[in-house]
Number of protein chains: 2
Amino acid sequence: MSKRPDSTAKSKHNRRSLAQVRQDNSEHILRVAERLFSERGYSGTTIMAIAEEACLPKANILYYFHTKEALYQGVLSNILKIWMLSMNDMTPEQHPRDALRDYIVKKIRQSKEYPHASRIFAAEVLHGAPFLRKQLETDLKEQFDKTCDVFRQWIAKKWMDPVHPEHLMFMLWSSTQAYADVQVQSCILLSKSELDDQDFNDGADFLVRMVLKGCGINPV
Amino acid sequence: MSKRPDSTAKSKHNRRSLAQVRQDNSEHILRVAERLFSERGYSGTTIMAIAEEACLPKANILYYFHTKEALYQGVLSNILKIWMLSMNDMTPEQHPRDALRDYIVKKIRQSKEYPHASRIFAAEVLHGAPFLRKQLETDLKEQFDKTCDVFRQWIAKKWMDPVHPEHLMFMLWSSTQAYADVQVQSCILLSKSELDDQDFNDGADFLVRMVLKGCGINPV
DNA sequence: CTATCTTCTGACCAAATGGTCAGAAGTTGG
DNA sequence: CCAACTTCTGACCATTTGGTCAGAAGATAG
């Protein structure tokens, strides 16, 4: 049960403004909801469970987010913000050696820092993106196409082997994503209670090396 | 609504034995349930929905599978059967060039042929494997450790670069799995209604090439 | 201090859900 | 043909779930 920011300090002094209260509570609820949605999925998460974890009465959750779906949308829009933000553009001028390395490292770091977000996103896609379809079809597709184009230009410049750009993108996405999604499984398989920093670094090193070599790029 | 095997042929003749009826119906229900669970997740799938899709009254579903969880377990055990079956052992004697190629091709074919199973499995793992934990900790981990060991032997024989075996396994698993999981997303990104055989072949070729080169294996 | 606005909450509700059960309908073996 | 057994199903039930609402409690502005 993650405590909300205030809780004890309800005495007359140390008062927060209404605006402040609203923001604090909204964010607190969103944080709790994100965790639960990522652990149990949309249907598996009840408003009551969120309320208990957030130490707030159920009706209060619904005061801030009028429906369960609205709450979920709130979580999703937070996630997409992170996503788009970190999805740095690779440029045709950059050498793929650097651009791909940066991309992989960034993505894996993201999987480490925002595992809930990563997993919600993955679950969303897995079930046909019922809530994200629109956004994926516009924003993400644009990004995807642009990046594939960069790959093609690198290939034209003979900076890398003529690999299938689309499949390279799939491979980059899935294998970096895996470090968040399969954390549970990883723990089972590696017999660790959690992936540590070293594991993430090893993963990044491994992937960078594999991708660069696999694309015929001299890592220098 | 996928029709059940019998349906019309209820007239006196052309009768099926009770044993036959039982098997037919069980399998029919499992098939329908598998599809729905993969599309909507465990909590998102109601018995009523399964009943409607299977063209059977709800009570009949519960006659064959006493609880929702039992039905889900039935689906899962089907899935694990497929999984373990196709998880061919790579052996230290095989050259990684052939073994890895076979593995990737097989896995991707599996993603194509059993997309529902693949997705249920992925969702299960994503949510901490609430129903599969035991099996993963025993069967899958054994397989995992054994395969990592094979990689180590290949490395000792200088048949491939000294890559991190565990991370290679992750990468193989996630990037092949992706061809089932992300089918939706793939369709969005590639603007196709479905991945066709060519796409799966391209994916396999790409991955084989990438992995072999990435591991410093001469593809011959 | 007071009138007004926002925040908060217990009590309540209709619908959906997993599950039960008695008994009808069909099958089987003798 | 009959007794025993399996399959099937409509009606029913308790619980859970998302959501409403009236009014209490607290904050704010004049």
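Computation of the quantities below employed the complete heavy-atom set of this structure, encompassing side-chain atoms and omitting hydrogens, waters and symmetry-equivalent molecules. What you are looking at is a predicted structure, and each value in this text was computed from that prediction instead of being measured. In the text below, chain A, chain B and the rest are named by the order of the sequence lines, each starting its count at 1.
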Look at the side-chain N and O atoms of Tyr63(B) and state whether any lies under 4.0 Å from the OP1 or OP2 oxygen of dT6(D). no
What is the distance, to the nearest angstrom, from the CZ atom on Phe65(A) to the C1' atom on dG18(D)? 16 Å
So, for His167(A) and Phe151(A), is the gap between ring centers shorter than 6.0 Å? no
What's the CD1-P distance between Ile47(B) and dT16(D), to the nearest Å? 16 Å
With respect to the side chain of Val21(A), which nucleotide from dT17(C), dC8(C), dT9(C) is positioned closest? dC8(C)
Between dC21(D) (P) and His66(A) (NE2): distance, integer Å: 12 Å
Indicate, yes or no, whether a donor-acceptor pair under 3.5 Å links the base of dG19(D) to the side chain of Lys68(A). no
Tell me whether the guanidinium CZ or amine NZ of Lys68(B) lies under 6.0 angstrom from the six-membered ring centre of Tyr42(B) and within 45° of its axis. yes
Stepwise salt bridge (charged side-chain N to carboxylate O under 4.0 Å, His left out) check, Asp145(B) with Lys141(B): CA-CA 6 Å; Asp145(B) 291 343; Lys141(B) 179 163 172 50; 3.1 Å; yes
note: Leu56(B), atom CG; dG10(D), atom C1'; distance rounded to Å ~ 15 Å
Rounded distance (Å) that lies between atom C1' of dC8(D) and atom NE2 of His28(B): 15 Å
Nearest whole angstrom, please: distance from the P of dT17(C) to the CD1 of Ile61(B). 15 Å
Nearest of dG10(C), dG18(D), dT9(D) to any side-chain atom of Asn60(B)? dT9(D)
When rounded to whole Å, the CE to C1' distance for the pair Met48(A) and dG19(D) reads 14 Å
Mind listing the closest non-hydrogen atom pair of Met169(B) and Cys148(B) along with its distance? CG-SG, 3.9 Å
Asn25(B) vs dC8(D): side-chain N/O to OP1/OP2 distance below 4.0 Å: yes
Identify the heavy atoms of Lys112(A) and Asp197(A) that sit nearest to each other, and give their distance. NZ-OD1, 3.5 Å
Selected nucleotide, minimal atom distance to Leu62(A) side chain, candidates dT7(C), dG19(C), dG19(D): dG19(D)
Please state how far atom CG in Leu36(A) lies from atom C1' in dT17(D), giving the value in whole angstrom units. 16 Å
Regarding Thr45(A), tell me which of base, sugar-phosphate or nothing describes its non-hydrogen contacts under 4.0 Å with the strands shown. sugar-phosphate
Taking the side chain of Lys58(B) as heavy atoms from C-beta outward, which of dG18(C), dC21(D), dG18(D) is closest to it? dG18(C)
Are Arg22(B) and dT6(D) close enough that a side-chain N or O sits under 4.0 Å from OP1 or OP2? no
